[in-house]
Asker: 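What follows is a single structure, and I will ask about it in a moment.
Below, chains carry the letters A, B, ... as their sequence lines are ordered, and counting in each starts from 1.
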Amino acid sequence: MPLTVTLPDGSTQSHPQGATAHTVAAAIGEGLAKAAIGARVNGDLVDVNLPLPGDCTVALVTAPRQNKKGISKWRDEAHEADALMLLRHSAAHVMAEAIERLFPDTLLAYGPALSTGFYYDLSLDTPISTTDFERIEDEIQKIAAEDRPFTRYALEPVAGMARLMAEDNKYKIDNAQKAIAKGAAELSWYATGEQDKNWEDLCQGPHVPRTGLLGAVKVMSVASSHWHGDVTSDRFQRVYGTAFFTPADLDVHLENLEQAKARDHRVIGRSLGLFEIDEMVGQGLVLWKPKGAVVRDQLQKFISEHLERQGYSQVFTPHIGKLDLYRTSGHFPYYADSQYPPLVERDHLKKLSDEGCSCAELTASMSDGTIEGYMLKPMNCPHHIRIFASDKHSYRDLPVRLAEFGTVYRWEQSGELGGMTRVRGFTQDDAHLFVTPEQLAAEVLGCIELVKIVFKTLGMNDYRVRVGLRDPDSSKFVGEASDWDAAENACIAAAESLDVPFSKEPGEAAFYGPKIDFVVKDVIGREWQLGTVQVDYQLPQRFDLSYTGSDNAEHRPIMIHRAPFGSMERFIGCLIEHFNGSFPLWLSPEQVRVLPISDKFNDYATTVLDALKDQGLRCSMDTSSNRVNGKIKVAQEDKVPYMLVVGGKDADAGTVSVRHRTDGDRGAVPLADFVAAAVKERDERELG
RNA sequence: GCCGCCCUAGCUCAGUGGUAGAGCACACCCUUGGUAAGGGUGAGGUCGUGGGUUCAAAUCCCAUGGGCGGCUCCA
């Protein structure tokens, strides 16, 4: 019985059993048959030479054509993503073959394609180092030059497992067992060339039809990884690479990476003098320099305005607290590994010493929690809870909303630290809301409103939202199912109100309640969680919090933890990259710079400067011996939004010659007009 | 914490065993200028730190601190 194939345009073809996507392409045209490297069959990405499963929809994935410069042209992003996915998965195979040629004792584990490239996890005693990359690339080139076909063959599970057992690669055996457990009807192998003759690898596919399609493959880096992601399990070397259809495409990619590097908040932070992380102060501890402090201060003021409007009360709490506080909250000693060790009081330490306590015993008592002392706070909630508990509350008082830009300290692993996005001391834009069950939904929504306002003001539309729900398959959560339902519904409704993509992620809730997380990407594509809104039934119970209801009985409040931007460090780190260091006027450390064309006009320039200062604009004057061009160059590099070039003509007319950092020369305008416009732009927090 | 790479002037970097270099920034002098760098002179470094090998170490080896990219973790 023939197959009916439906194409993307809705037209249909009839083909005999055994037809492939290639057959379909050939029926349309010879050129398309040559260009087809894979297909979406019923939506799944598959080999172009895989027999079609029956009546189906087929959308061909083609190799791209190139422009004169050799850069690939794509129909759309989906086409590009599909074609590159096929190519990179194939590149991972060819790289594995190359590495096995060079290092025969390599055991392969797992080699997927990524959105920007691919990697292969492999077990090998010899460390692969950057000096090996070129050799590996050369081998890849040879295999690509041979233009061998990717040949797929499959065995049913029993035969397949027998074959794998004989090969004795426990990682591949494990991969196969997992596939079978998931219901795979067969195990497939891909040979680069002919079955049983050329190199082959257990693999689900799909692949491009020939190694010759690998126009440019580059080995990028090597890192360590672990089997099943388990630190205690076997260690792999993970070799990262990327692949493109043409060398020109690779060059574009590498160029983009270079540009991203220049946009990195660590680079900009240094060049603009925003912050410093000093070895002598300590890893992961940020020093906010005067210019960075301006950005942070302006942002905090902006957020504070909205907190006040929304009925928050600002509080201040100390940076340390007694260990008992954290025993009650559950942070100590349970999370001792991610905290700075306790601060032990002199008397207590002396007493232990007098009793003959050894260092080992002291260490043990710190980790088992029997030590007495204080701790740098890892979270602000316990302090805020004690503020709430210090008064007797009526249901009429609720919701109580306590906000603090609260600084916390966490012991992050050294290998994880970097720039401002992962630090050991940071200030959260934190708040804790104590609410009745009836108030929960509205209060969660209120938290989201602030996120909306701030992201909109900053022009940050490119973020995603995760709603973490309880694990449905287990009792990995505390509390009543009905409470969870109410809280989860509140979180989902709040996320829906944002008009951005959000995902529901069962099992990703905290054990004490569901949460909403806000995630953004940095310039090199890494995702960072910024803010979070979490519903918590647990801490009010641990601290035995209560309020008196209208029934004159005691009730337990629900807590909402919320830090919509996470921490000032991480948020501003991301903000620096978002703006590429060119902050909008209201956030710019220096808003206007006056550039007298020579020191003959310093007097007039000073008049201009004073007029700016009168309106509270952050400004300076460049009195260096540079010429105007030089002064502009420096101001542009400092990303100062407005440069006011002033000379004789301006002094005579009472004007300033305005240059904007992105628009360039805007011509002369009366001083008062410029000041008024700048004040408006600043006060309305325009994006500029 | 683990794997790989890196650390030379304030910054960005060159320097493969034989007397420490450049550009920018900085200081001073000349230049007094109209929209992305005018010219000159000068100061600035125990080459991350500690050991070792060597007649001789920025350079080779070991340890250690810090950075980068991943892995793992992120209450």
Asker: If I pick the P atom on B/U49 and the same atom on B/G65, what distance separates them, to the nearest angstrom?
Answerer: 15 Å

Asker: Considering only side-chain heavy atoms of A/V222, which listed nucleotide, B/G4, B/G69, B/G1, is closest?
Answerer: B/G4

Asker: Does any N or O donor sit under 3.5 Å from an N or O acceptor when you compare the side chain of A/R659 with the base of B/A36?
Answerer: yes

Asker: Please examine the side chains of A/V535 and A/C491, heavy atoms only from C-beta on, and report whether any two atoms are closer than 4.5 Å.
Answerer: yes

Asker: Which residue, A/H228 or A/I524, contacts RNA chain B at a nucleotide closer to its 5' end, judged by nearest heavy atom?
Answerer: A/I524

Asker: Checking only heavy atoms, does the side chain of A/K633 share a donor-acceptor pair with the base of B/A37 at less than 3.5 Å?
Answerer: yes

Asker: B/C68 and B/U16: how far apart are their P atoms, nearest whole angstrom?
Answerer: 27 Å

Asker: Rounded to whole angstroms, how far apart are CG on A/D234 and P on B/C71?
Answerer: 18 Å

Asker: Expressed in whole Å, how much space separates the P atoms belonging to B/U64 and B/G69?
Answerer: 23 Å

Asker: Rounded to the Å, how far apart are A/Y240 OH and B/C68 P?
Answerer: 17 Å

Asker: Could you give the distance separating B/G23 and B/C62 at their C1' atoms, to the nearest angstrom?
Answerer: 36 Å

Asker: Between side-chain atoms of residues 272-284 of chain A and protein atoms elsewhere (two or more places apart, or another chain), which donor-acceptor pairs fall under 3.5 Å?
Answerer:
residue : atom : partner : partner atom : Å
A/E276  : OE2  : A/R270  : NH1          : 3.4
A/E276  : OE2  : A/R270  : NH2          : 3.0
A/D278  : OD2  : A/M280  : N            : 2.9
A/D278  : OD2  : A/V281  : N            : 3.2

Asker: Name all pairs fulfilling the side-chain hydrogen bond (donor to acceptor under 3.5 Å, both in side chains) condition that reach into residues 647-658 of chain A, sequence neighbours left out, sorted by first residue then second.
Answerer: A/D650-A/T655, A/D650-A/S657

Asker: Ring centroid separation for A/Y642 and A/H660, is it under 6.0 angstrom?
Answerer: yes

Asker: Please tabulate the protein-to-nucleotide N/O contacts below 3.5 Å involving nucleotides 63-67 of chain B, giving atom names and distances.
Answerer:
residue : atom : partner : partner atom : Å
B/G65   : O2'  : A/E279  : OE2          : 3.4
B/G66   : OP1  : A/Q283  : OE1          : 3.3
B/G67   : OP2  : A/Q283  : NE2          : 2.4

Asker: Check every strand shown and say whether A/Q237 touches a base, only sugar-phosphate, or nothing at a heavy-atom separation below 4.0 Å.
Answerer: nothing

Asker: Dump the intermediate steps for side chain to side chain contact (heavy atoms under 4.5 Å, CB included) on A/E577 and A/V520, then the final yes or no.
Answerer: CA-CA 11 Å; A/E577 299 185 358; A/V520 300; over 6 Å; no

Asker: What integer number of Å spans the P atoms of B/G42 and B/U35?
Answerer: 33 Å

Asker: How is A/L595 classified with respect to the nucleic acid when contacts are heavy atoms under 4.0 Å: base, sugar-phosphate, or nothing?
Answerer: nothing

Asker: Would you say the ring centers of A/Y171 and A/F236 fall short of 6.0 Å from each other?
Answerer: yes

Asker: Could you write out RNA chain B as a dot-bracket string, with dots for unpaired bases, | for bases paired across to another strand, and Watson-Crick or G-U pairs counted at under 3.5 Å?
Answerer: (((((((..((((....[..)))).(((((.......))))).....(((((..]....))))))))))))....

Asker: Which part of the nucleic acid, if any, lies within contact of A/Q339, taking any heavy atom under 4.0 Å across all strands shown: a base, the sugar-phosphate backbone alone, or nothing?
Answerer: base

Asker: Distance to the ring centre below 6.0 angstrom and angle to the axis at most 45 degrees; does that hold for A/R88 and A/F118?
Answerer: no

Asker: I want to check something: taking the side chain as every heavy atom from C-beta on, are A/I385 and A/T328 in contact at a cut-off of under 4.5 Å?
Answerer: no

Asker: B/C24 C1' sits how many Å from A/E637 CD, rounded?
Answerer: 9 Å

Asker: Any side-chain N or O of A/R526 under 4.0 Å from OP1/OP2 of B/G69?
Answerer: yes

Asker: How about A/H561 and A/L539: do any of their side-chain heavy atoms sit closer than 4.5 Å?
Answerer: yes

Asker: Could you list the protein-to-nucleotides 29-34 of chain B atom pairs, N/O on both sides, closer than 3.5 Å?
Answerer:
residue : atom : partner : partner atom : Å
B/U32   : O2   : A/S598  : OG           : 3.0
B/U32   : O2   : A/D599  : N            : 3.2
B/U32   : O2   : A/D599  : OD1          : 2.9
B/U32   : N3   : A/D599  : OD1          : 2.8
B/U32   : N3   : A/D599  : OD2          : 3.3
B/U32   : O4   : A/D599  : OD2          : 3.3
B/G33   : N9   : A/I597  : O            : 3.2
B/G33   : N7   : A/I597  : O            : 2.5
B/G33   : N7   : A/S598  : N            : 3.3
B/G33   : N7   : A/S598  : OG           : 3.4
B/G34   : O6   : A/G648  : N            : 2.9
B/G34   : O6   : A/K649  : N            : 2.6
B/G34   : N1   : A/D650  : OD2          : 2.7
B/G34   : N2   : A/D650  : OD2          : 2.6
B/G34   : N2   : A/S657  : OG           : 2.4

Asker: Between the base of B/C73 and the side chain of A/R422, is there any donor-acceptor pair under 3.5 Å?
Answerer: yes

Asker: Using the P atom as the reference point in each nucleotide, state the distance between B/U59 and B/U8 in Å, no decimals.
Answerer: 13 Å

Asker: Would you kindly compare A/D230 and A/P378 by the position of their nearest RNA chain B nucleotide and give the one closer to the 5′ end?
Answerer: A/D230

Asker: Nearest heavy-atom pair of A/R659 and A/D665: which atoms, and what distance?
Answerer: CG-N, 4.1 Å

Asker: Of all the choices, B/C71, B/A75, B/U35, which nucleotide is nearest to the side chain of A/I632 once you look at every atom?
Answerer: B/U35

Asker: Charged N to carboxylate O under 4.0 angstrom, A/D264 versus A/R266?
Answerer: yes

Asker: Please assess A/S414 against A/R424 for the test side chain to side chain contact (heavy atoms under 4.5 Å, CB included), listing each intermediate value before the final yes or no.
Answerer: CA-CA 9 Å; A/S414 61; A/R424 284 183 173 164; 4.0 Å; yes

Asker: A/F236 near the nucleic acid: base, sugar-phosphate alone, or nothing, with a heavy-atom cut-off under 4.0 Å?
Answerer: nothing

Asker: Between A/Q339 and A/Y409, is the side chain to side chain contact (heavy atoms under 4.5 Å, CB included) condition met? List the steps.
Answerer: CA-CA 7 Å; A/Q339 293 157 181; A/Y409 299 88; over 6 Å; no

Asker: Go through B/G1, B/A75, B/G69 for me and flag the one nearest to the A/M379 side chain.
Answerer: B/A75

Asker: May I ask you to verify whether the side chain of A/S225 and the base of B/C71 hold a donor-acceptor pair under 3.5 Å?
Answerer: no

Asker: If you take any heavy atom closer than 4.0 Å to RNA chain B, which residues from residues 108-128 of chain A end up in contact?
Answerer: A/P127, A/I128

Asker: In Å and rounded to the nearest 0.5 Å, what is the CG to CG distance from A/N580 to A/L575?
Answerer: 12.0 Å

Asker: Determine the interatomic distance between P on B/G15 and the same-named atom on B/C7; round to the nearest Å.
Answerer: 10 Å

Asker: So what does A/R235 hit on the nucleic acid, given a heavy-atom distance under 4.0 Å: a base, only sugar-phosphate, or nothing?
Answerer: sugar-phosphate

Asker: Considering only NZ, NE, NH1 and NH2 on the basic side and carboxylate oxygens on the acidic side, decide whether A/R422 and A/E412 come within less than 4.0 Å.
Answerer: yes

Asker: Write down the distance between CD (A/E412) and C1' (B/A75), rounded to a whole number of angstrom.
Answerer: 11 Å

Asker: Check every strand shown and say whether A/R410 touches a base, only sugar-phosphate, or nothing at a heavy-atom separation below 4.0 Å.
Answerer: base

Asker: Does A/T130 contact B/G4 through a side-chain donor or acceptor facing the base, at a distance under 3.5 Å?
Answerer: no

Asker: Grab the two heavy atoms, one from A/Y537 and one from A/A487, that are nearest each other, plus how far apart they are.
Answerer: OH-CB, 3.5 Å

Asker: Rounding to an integer number of angstrom, what distance separates B/G38 and B/A25 when you compare their P atoms?
Answerer: 10 Å

